Amino acid sequence: MSLSKPAGHLPQLDALRAFAVTFVLIFHWFPQEALINKLPNGSIGVTLFFVLSGFLITQILIKNRNQILAGKNTQTAVYKNFIVRRALRIFPIYYLFLTVIYFTLPETSDISKFPLYYYLYGYNILLHQTGNWGDLLSPLWSLSVEEQFYLFWPTVILLTPRTQLRSVIIFTIILGLGTRIWWALNGNSQGVMTLTCLDSFGIGALWSYIVEEQPETIPVFRKQLLWATLLALVCFAYLITQPYTSFFRIYQRTILSVLSLYFIVHATLGFRGMAGRILTNPALIFMGKISYGIYLYHMVVSGYITGPVLNKLSRFSPISLQDPWIHRIASFILLILLSSLSWFLIEKPINQLKRYFTYSKSAA
C-alpha cells in the first residue's frame, strides 16, 4: 500500500458509498428484530456517508484555501462555486422527488403539514421535535444535516488561520460528541441535529488535513488510527451486547466514525489484495456513483412500487411472488433501474454544468 499523498479521483471511495447505502437498505428492508439487524446498520451507513463527506468536502476547501493564500483565488469566488456545485449535484432530484411525494403520497409523511421543513433542508429539526420515524421521508434527515454542513463549513475552513486549522477540526469532533451528551441529558437522544453529527464530519476532516497539510505524517497517523480502530472495535462489540439506550446512541456515532475512517484512509491510499479487488469492482463503483438516488428512492420503491409490480407479474407466475425475499430482490432491481435512469437522465447531465463553476485547476 502506497504511503504517498493520494491525488485525483479515488474509485475505492465510490465502492465505500455502495457499502454505506447497502447498510441503509438492510436496516430499512429487514425487520428490526431480524438477526441481520443486530448491528445498527442504518447508523453504520449514515455515519460512513458523514465521514466521507467530512473528508472529501474539507479536502476541496483546504486546496482552495491554499489557492486563496497564494493569491490565485478569492474567498467569495470559492464559496460561490462550492455552493453552486453542491446545489447542482443535490437539488434537482431532491426537489423533484419531494414534489412527487407531496402530490401523490402526502398521507405517508409530515410533508403535507410542514412542507417548508423539507423544502428548506430543515427536516432534521422537525424530526428532532416530533421523533416521527414512521415518516416515509425520515431518511432525509441526514440530507438536511449534510446540506447545513455545506453551508457553514466552507466559512470555517476558509477563515481559519492555517496554524489553527487542526485545533479547530479537533474542537469540532469534541463539539459533536459533547452536544449529543448535552441533548441526551436533557431528554433527547435522537442525534439528528447537525451539531450532534459534527464528530463524524470532523473525523473525516482530520484525514483531509493530514493529506493536504501534513502528508509526511501519514505513516504515523495510520499507526495511531490502527490502535484507535482496535479500541473502537472493542467498544462497539461491548455496546451491541447492551440494550439500545441513550448511552448507546451517545457514543455509537463516534465509535462508528473511527471505524469508518479506517476504511476511508486505506481506500484513499488504495487497498490491495482481495480488498482492493472488491473495492475496484465496476459494479460496486457504479452503485457508489448512483448511491444518492438509491438513498433517496429506496423507501418509496420498497413500499409503493414493488408491491404493485409483483401483483401484476403474479398473474403470469407459477409460483407465489409474496415471499419477503422475492419482494426485497425485486425492490433492489427496481431501485437500481430507477437510480440508474435518474443518474443518466437527470443527475449526470446537470452535473456537467459544473464546468461553468470550476475551481482553479490545482484545487479541483
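Fair warning: this is a prediction, and the values are worked out from it, not measured in the lab. Residue numbers run from 1 in the order of the sequence given.
The CG atom of L13 sits 6.0 Å away from the CG atom of L56 when rounded to the nearest 0.5 Å. How far CH2 of W153 is from CG of L61: 9.0 Å, rounded to the nearest 0.5 Å. Rounded to the nearest 0.5 angstrom, L105 CG and E107 CD are separated by 5.5 Å. One finds the CG atom of L261 at 10.5 Å from the OG atom of S200 (value rounded to the nearest 0.5 Å). Note that the OG1 atom of T194 and the CG atom of N124 stand 4.5 Å from one another [nearest 0.5 Å]. Note that NZ of K354 and OH of Y359 are 8.0 Å apart. Values are rounded to the nearest 0.5 Å.
A donor-acceptor contact under 3.5 angstrom links the side chains of W133 and Q190, judged on distance only. In this model, a donor atom of one side chain and an acceptor atom of the other lie less than 3.5 Å apart for Y295 and S142. A donor and an acceptor atom, one from each side chain of E212 and N66, are nowhere located under 3.5 Å apart.
With hydrogens and angles disregarded, no donor-acceptor distance shorter than 3.5 Å links the side chain of T58 to the backbone of A205. Looking at R89, its side chain never comes within 3.5 Å of a backbone N or O of R86 through a donor-acceptor pair. With hydrogens and angles disregarded, a donor-acceptor distance shorter than 3.5 Å links the side chain of T160 to the backbone of V156. Side-chain atoms of Y79 come within 3.5 Å of backbone N or O of L151 as a donor-acceptor pair. Judged by distance alone, the side chain of T74 and the main-chain N or O of A77 form a donor-acceptor pair under 3.5 Å. One N or O on the side chain of S291 and one on the backbone of G288 form a donor-acceptor pair closer than 3.5 Å. With hydrogens and angles disregarded, a donor-acceptor distance shorter than 3.5 Å links the side chain of T306 to the backbone of V301. When atom types are taken as modelled, the side chain of Y95 and the backbone of Y119 share a donor-acceptor pair closer than 3.5 angstrom.
Linking Ile, Leu, Val, Met, Phe, Trp and Tyr residues whenever their side-chain heavy atoms come within less than 4.5 Å leaves F27 and W325 in two separate clusters. In the hydrophobic clustering of this structure, I90 groups with V84; members are Ile, Leu, Val, Met, Phe, Trp, Tyr whose side-chain heavy atoms approach within less than 4.5 Å, directly or through other members. By the criterion of side-chain heavy atoms lying less than 4.5 angstrom apart, applied directly or through intervening Ile, Leu, Val, Met, Phe, Trp or Tyr residues, I305 is grouped together with L341 in one hydrophobic cluster. Hydrophobic clustering keeps L126 apart from L116 (ILVMFWY residues linked when any side-chain heavy atoms are closer than 4.5 Å, directly or through intermediates). When the side chains of ILVMFWY residues are joined at heavy-atom separations under 4.5 Å, either directly or via intervening members, V78 and Y356 end up in two distinct hydrophobic clusters.
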May I have the list of side-chain donor-acceptor pairs in residues 165-174 shorter than 3.5 Å, sequence neighbours left out?
{"residue": "R166", "atom": "NH1", "partner": "Q214", "partner atom": "OE1", "Å": "3.0"}
{"residue": "T172", "atom": "OG1", "partner": "V168", "partner atom": "O", "Å": "2.8"}

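Annotation: side chain of R65 is in contact with side chain of R162 (closest heavy-atom distance under 4.5 Å). Here the side chains of I250 and L177 are in contact, with some heavy-atom distance below 4.5 Å. For the pair F82 and N64, the minimum side-chain heavy-atom distance is 4.5 Å or more. Side-chain contact check for L269 versus V265: some heavy-atom pair is nearer than 4.5 Å. Taking 4.5 Å as the limit, every side-chain heavy atom of R253 sits out of range of all side-chain heavy atoms of S43. Residues I278 and F271 have side chains not in contact (no heavy-atom distance under 4.5 Å, counting atoms from C-beta outward). Taking the side chain as every heavy atom from C-beta outward, Q148 and S144 approach each other to under 4.5 Å. By the 4.5 Å heavy-atom criterion applied to side chains, K289 and K348 are not counted as neighbours.
Note: F149 and F201 have parallel aromatic rings, judged against thresholds of 30 and 60 degrees for the angle between ring planes.
In this structure, the side-chain hydrogen bond (donor to acceptor under 3.5 Å, both in side chains) partners of D135, at least two apart in sequence or on a different chain, are S109, Y118.
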Practice prompt. Could you please spell out the steps behind the side chain to side chain contact (heavy atoms under 4.5 Å, CB included) verdict for N311 and Q322?
Written response: CA-CA 8 Å; N311 285 337; Q322 303 306 312; 3.6 Å; yes
Discussion item. Could you go through H298 and V21, starting from their C-alpha distance and side-chain angles, then the distance that decides it, and tell me whether this counts as side chain to side chain contact (heavy atoms under 4.5 Å, CB included)?
Written reply: CA-CA 10 Å; H298 76 278; V21 80; 6.0 Å; no
Worksheet entry | side chain to side chain contact (heavy atoms under 4.5 Å, CB included) evaluation trace for S138 with Y123 | CA-CA 8 Å; S138 61; Y123 173 62; 3.7 Å; yes
Item to complete: Using the side chain to side chain contact (heavy atoms under 4.5 Å, CB included) rule, take F332 and W29 through it: C-alpha gap first, then chi angles, then the decisive distance, then the call.
Response: CA-CA 10 Å; F332 184 75; W29 287 5; 4.1 Å; yes
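Between F49 and Y292, the ring center distance fails the sub-6.0 Å criterion.
Listed here is the closest heavy atom pair of Q32 and N37: O-CB, 3.8 Å. When every heavy atom of P92 is checked against every heavy atom of A87, the shortest pair comes out as CD-O, 3.4 Å. The two residues V145 and V192 come nearest to each other via the heavy atoms CG2-O, 3.3 Å. When all heavy atoms are compared, the tightest approach of I93 to S342 is CG2-OG, 3.5 Å. Listed here is the closest heavy atom pair of P349 and W343: CD-O, 3.8 Å. Contact between A267 and Q12 at its shortest, heavy atoms only, is CA-OE1, 3.5 Å.
Around the CG atom of L69, the shell of radius 6.0 Å holds more than 12 heavy atoms that belong to other residues, nucleotides or ligands. The environment of OH in Y102 is sparse: at most 12 heavy-atom neighbours from other residues, nucleotides or ligands sit within 6.0 Å. For F152, the CZ atom counts as densely surrounded, since its 6.0 Å shell holds more than 12 non-hydrogen atoms of other residues, nucleotides or ligands.
The only option from I255, V258, L259 that meets the side chain to side chain contact (heavy atoms under 4.5 Å, CB included) definition with L233 turns out to be L259.
Screening residues 209-232 for ring-ring contact (aromatic ring centres under 6.0 Å, His included), with sequence neighbours left out, gives W207-F221.
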